[in-house]
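All remarks here apply to the structure that follows.
Here, residue 1 is the first one in the sequence, and each next residue gets the next number.
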Amino acid sequence: MSGSGKLVCVTGASGYIASWLVKLLLGRGYTVRASVRDPSDPKKTAHLRSLEGANERLHLFKANLLEEGSFDAGIEGCDGVFHTASPFYNNVSDPQAELIDPAVKGTLNVLKSCTKYPSIKRVVVTSSMAAVAYNEKPRTPDVVVDETWLSSPEFCEQSKAWYVLSKTLAEEAAWKFAKENGIDIVTINPAMVIGPLLQPTLNTSAAAILNLINGASTYPNLTFGWVNVKDVAMAHILAYEVPSASGRYCLVEKVVHYSEIVEIIRELYPSIPLPEKCADDKPLVPVYQVSKEKTKSLGIDYISTKISIKETIESLKEKGFVNF
């Protein structure tokens, strides 16, 4: 029980990655203060309250990313903070208000709260591969993306990739603020996160798998890195616990085109009708490589993408999102 006697804060605790983070922290003996927008909404909190150890060691508090000081009460007296709260939607009408402000201002509000309490030894920030790989460098099979890569805000704006822009600007702001204020931060940069859902609502990355098994006629001509939510949650904890952890960690088990995801599902579930063709007739977006050296040094031994896909689909069935 490496966390026994330690108090940590998790922001945005009802989210997909954060729920798993809370579960694993409780399992390691930590006492967890967890922020949610509305502690009285069972859709956001029931799955957290039912976790093993929650009755004794989980304390929910209300906080809003855009409200300066609203994280103070949750962060005061903590040994560490995990900042995971950040919106992830694909369809937005006002990117600044819906994605960019909550991501950037929210990160700065949490870090400002951290500067008030000297008990905090390290802050682990959930970033994304979105903040790493979106620039004008080619991503082809011989290219290896690593932690030194940075997404280009200009390229994101030109591409109207608003979620990617929000994560890029938020991480940039976090590093700048941390350096100026002497905060020890580490960022975790996962790719598309799949695997079992703890929360009752559908999150954007699990929806990518659901769309393929729910009657889609085509699959997108897109290539992504994929990673299991349990590995992502554990990487956050190791980034906090391992004294030598520093900088950024790219969390990618494998880079796979959607066509290969469809093939894996077909092999696992031969009776599910799956899309047969790509959404466009352009050449398939190439796969590339992501270095695993740094995450291996942290102690992450990745769950395979095939197992992650199976866990996602079984979880979607169990939650009632699909019937077959």
Side-chain angles (χ1 to χ4, degrees), residues 1 3-4 6-67 70-76 78 80-89 98 102 106 110 124 126 188 190 192-211 213-214 228-237 303 308 310-324:
M1 300 284 272
S4 192
K6 290 188 184 140
L7 174 65
V8 293
C9 175
V10 176
T11 70
S14 57
Y16 181 41
I17 295 170
S19 295
W20 270 101
L21 178 54
V22 171
K23 179 182 168 73
L24 297 186
L25 285 165
L26 291 171
R28 283 164 100 81
Y30 285 90
T31 297
V32 181
R33 286 205 197 122
S35 85
V36 288
R37 268 178 303 189
D38 180 4
S40 64
D41 179 357
K43 259 195 184 161
K44 299 283 185 194
T45 61
H47 67 287
L48 296 172
R49 293 185 198 276
S50 68
L51 294 171
E52 199 171 322
N55 282 342
E56 303 77 30
R57 289 179 285 108
L58 177 64
H59 309 282
L60 300 179
F61 71 98
K62 184 183 172 75
N64 180 331
L65 286 170
L66 296 175
E67 200 179 303
S70 74
F71 291 91
D72 286 7
I75 287 173
E76 184 178 3
C78 285
V81 173
F82 298 89
H83 175 47
T84 71
S86 192
F88 180 17
Y89 318 108
E98 291 172 65
V110 170
V124 180
T126 312
I188 302 295
M192 283 285 272
V193 183
I194 55 173
L197 290 74
L198 294 176
Q199 83 286 356
T201 51
L202 183 67
N203 55 291
T204 304
S205 51
I209 301 293
L210 177 61
N211 293 341
I213 60 175
N214 226 5
N228 193 292
V229 66
K230 292 178 279 189
D231 287 336
V232 178
M234 186 48 77
H236 282 73
I237 295 172
I303 297 164
S308 298
K310 186 169 175 50
E311 287 186 345
T312 310
I313 293 173
E314 289 303 315
S315 187
L316 290 167
K317 275 164 69 175
E318 185 201 322
K319 302 272 176 190
F321 291 110
V322 277
N323 297 306
F324 56 77

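- Counting heavy atoms from C-beta on, the side chains of Leu24 and Met234 come closer than 4.5 Å.
- When side chains are defined from C-beta on, Thr31 does not count as touching Lys6, because their heavy atoms never get closer than 4.5 Å.
- Side-chain atoms of Ser205 come within 3.5 Å of backbone N or O of Val193 as a donor-acceptor pair.
- The environment of NZ in Lys43 is sparse: at most 12 heavy-atom neighbours from other residues, nucleotides or ligands sit within 6.0 Å.
- In this structure the side chain of Cys9 reaches within 4.5 angstrom of the side chain of Ile75, judged on heavy atoms.
- For the pair Leu51 and Val22, the tightest heavy-atom approach, listed with the atom from each and the gap, is CD1-CG1, 3.8 Å.
- Considering CE of Met192 and CD1 of Ile209, their distance stands at 7.0 Å, rounded to 0.5 Å.
- For the residue pair His236 / Thr126, a side-chain donor-acceptor distance below 3.5 Å is found, with atom types taken as modelled.
- For the pair Phe61 and Ser70, the tightest heavy-atom approach, listed with the atom from each and the gap, is CE1-O, 4.0 Å.
- Minimum interatomic distance between Ala18 and Val10 (heavy atoms only, all atoms of both residues): CB-CG1, 4.1 Å.
- Once rounded to the nearest 0.5 Å, the distance linking CD1 of Ile194 with NZ of Lys230 reads 11.5 Å.
- Using a 4.5 Å heavy-atom threshold, the side chains of Lys62 and Val36 count as separate.
- Not a single donor-acceptor pair under 3.5 Å links the side chain of Arg57 to the backbone N or O of Leu25.
- Here the side chain of Thr84 pairs a donor or acceptor atom with the backbone of Thr11 at under 3.5 angstrom.
- Here the closest heavy-atom approach between residue Ile188 and residue Pro190 is recorded as O-CD, 3.2 Å.
- Side chain of Arg28 to backbone of Gly3: no donor-acceptor contact under 3.5 angstrom is found.
- Atom CH2 of Trp20 is separated from atom CG of Leu197 by 10.0 Å, given to the nearest 0.5 angstrom.
- Residues Lys23 and Glu52 are not paired through a salt bridge, judged by the lack of any N-O separation under 4.0 Å between the basic side chain and the carboxylate.
- Interatomic distance, CG of Asn203 versus OG1 of Thr312, reported as 9.0 Å (0.5 Å rounding).
- No donor-acceptor pair under 3.5 Å is formed between the side chain of Ser315 and the backbone N or O of Glu311.
- Rounding to the nearest 0.5 Å places CD1 of Ile237 at 6.0 Å from CZ of Phe82.
- Residues Val229 and Pro196 approach most closely at CG1-O, 3.7 Å, considering heavy atoms.
- Contact of the Val124 side chain with the Val81 side chain is not registered, since no non-hydrogen atoms from C-beta on lie closer than 4.5 Å.
- Side-chain polar atoms of Ser19 and His47 form a donor-acceptor pair below 3.5 angstrom.
- The two residues Asp38 and Thr45 have their closest heavy-atom pair at O-CG2, 4.1 Å.
- To the nearest 0.5 Å, atoms CG (Leu26) and CG (Leu58) are separated by 5.5 Å.
- Side-chain contact between Leu202 and Leu316: present, with at least one pair of heavy atoms (C-beta onward) separated by less than 4.5 Å.
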